[in-house]
Amino acid sequence: MKQKFNVTGMTCSACSAHVDKAVRKVPGVSAVNVNLLTNSMTVEYDPGQVTPQAIEEAVAAAGYGASCPLEGQREKRSAAPAADPMAAELRDMKRRLIVSFVFLIPLFYISMGHMMGWPLPAFFHDMRANGMSVALIQFLLLLPIMYVNRKYYLVGFKTLFKGAPNMDSLIAVGSAAAVVYGGAALFQISYGLGHG
């Protein structure tokens with residue numbers, strides 16, 4: 001039997017390869033074709049050995065989502081088109097990008113403005129008196145950016161711990177390492193200011 005599934009959570013070719021590998025391991029599956037661009041997967045399987053639910057569970061265990069379109073949904077689609085998951089994902093990405101820029105622009109201005117020769121209030125120039133305050137302002141501007149883009153951390157670390165890292169894992173590890181290093185720098189700044 002040949003069945004099409006909708007797959008969610010894939011962001012790169014490593015994701016689609018991992019989904020393919022996970023489904024191929026299911027007993028009774030003879031062929032798998034994962035399409036990253038359409039977020040879909042076509043599976044040929046023996047209905048006597050495996051059910052669509054078992055295939056969906058294999059995809060979920062790999063760290064992604066899968067759903068099998070039902071016959072009733074197909075009839076509804078002909079009457080009224082369903083919401084496009086790719087369009088919803090693009091809207092979400094646009095929202096995250098806008099929110100990220102709202103906090104990133106002042107963060108960049110405060111942290112790099114003095115190197116560019118841009119005018120900054122005197123508060124940001126006196127690092128002996130205001131160093132900790134400036135560092136905390138920068139850290140607080142960073143937190144909303146990390147929060148709205150938490151998907152990278154959730155997916156990235158999940159796939160990393162499952163032994164199938166993808167581009168989200170690279171982003172999550174790199175940015176988390178920078179934040180941990182920045183947190184350590186905050187403690188060093190406070191210790192240095194407290195001890196002269």
Side-chain angles (χ1 to χ4, degrees), residues 1-104 144-179:
M1 179 176 188
K2 198 173 197 177
Q3 179 68 54
K4 186 174 181 178
F5 293 83
N6 297 323
V7 182
T8 58
M10 296 189 301
T11 57
C12 63
S13 60
C15 297
S16 59
H18 190 57
V19 169
D20 185 287
K21 185 178 176 182
V23 174
R24 284 185 191 277
K25 289 181 180 177
V26 176
V29 171
S30 56
V32 180
N33 182 13
V34 180
N35 190 327
L36 177 63
L37 296 177
T38 60
N39 287 320
S40 64
M41 168 180 67
T42 305
V43 181
E44 288 184 36
Y45 63 94
D46 179 8
Q49 289 185 305
V50 66
T51 63
Q53 291 78 17
I55 294 170
E56 291 172 7
E57 289 169 7
V59 174
Y64 305 93
S67 61
C68 181
L70 302 173
E71 292 299 325
Q73 289 176 334
R74 287 182 185 155
E75 292 169 10
K76 287 179 188 174
R77 283 186 191 147
S78 60
D84 182 16
M86 188 58 114
E89 178 68 21
L90 288 174
R91 277 193 306 273
D92 184 53
M93 288 175 72
K94 184 177 180 181
R95 180 191 60 80
R96 291 190 334 238
L97 180 68
I98 291 168
V99 171
S100 295
F101 269 116
V102 165
F103 290 97
L104 179 66
I145 298 170
M146 290 182 68
Y147 179 75
V148 298
N149 293 294
R150 66 191 176 278
K151 178 182 174 188
Y152 290 111
Y153 299 99
L154 297 173
V155 174
F157 284 119
K158 186 176 185 179
T159 56
L160 181 66
F161 294 138
K162 288 186 178 288
N166 58 14
M167 290 302 292
D168 292 340
S169 304
L170 180 65
I171 294 167
V173 169
S175 60
V179 170

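Computed from heavy atoms alone, side chains included, the values below leave out hydrogens, waters and symmetry copies.
Across all non-hydrogen atoms, the minimal contact from Lys4 to Ser40 is CE-CB, 3.6 Å. The two residues Tyr45 and Pro52 make their nearest non-hydrogen contact at OH-CG, 3.4 Å. Pairing each heavy atom of Gly63 with each of Lys158, the nearest pair is CA-CE, 3.8 Å. Across all their heavy atoms, Met167 and Cys12 have their closest contact at N-SG, 3.7 Å. When all heavy atoms of Tyr64 and Met10 are compared, the pair lying nearest together is CD2-N, 4.0 Å. When every heavy atom of Val148 is checked against every heavy atom of Arg96, the shortest pair comes out as O-CD, 2.9 Å.
Here the CD1-CG distance, from Ile98 to Leu104, works out to 13.5 Å after rounding to the nearest 0.5 Å.
Between the side chain of Arg24 and the main chain of Lys21, no donor-acceptor pair closer than 3.5 Å is present. The main-chain N or O of Ala88 is never found under 3.5 Å from a side-chain atom of Asp92 such that the two would form a donor-acceptor pair. Under a 3.5 Å cut-off, the side chain of Gln49 and the backbone N or O of Val29 do not form any donor-acceptor pair.
With a 4.5 Å cut-off on side-chain heavy atoms, Ser100 and Asn149 count as touching.
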| Audit row: His18, Thr159, side-chain contact (heavy atoms from CB on, under 4.5 Å) steps and yes/no | CA-CA 9 Å; His18 190 57; Thr159 56; 5.6 Å; no
| request: For the pair Glu89 and Lys151, evaluate salt bridge (Lys or Arg N to Asp or Glu O under 4.0 Å) and give the outcome as yes or no after the intermediate values. | output: CA-CA 12 Å; Glu89 178 68 21; Lys151 178 182 174 188; 2.8 Å; yes
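Side-chain atoms of Ser169 and Tyr152 include no donor-acceptor pair closer than 3.5 Å. Side-chain atoms of Asn35 and Ser16 form no donor-acceptor pair, as typed in the model, at a separation below 3.5 Å. If you check the side chains of Thr11 and Asp168, you find a donor sitting under 3.5 Å from an acceptor.
Exactly one residue among Asn6, Leu36, Ile55, Asp20 makes a side chain to side chain contact (heavy atoms under 4.5 Å, CB included) with Met41. That residue is Ile55.
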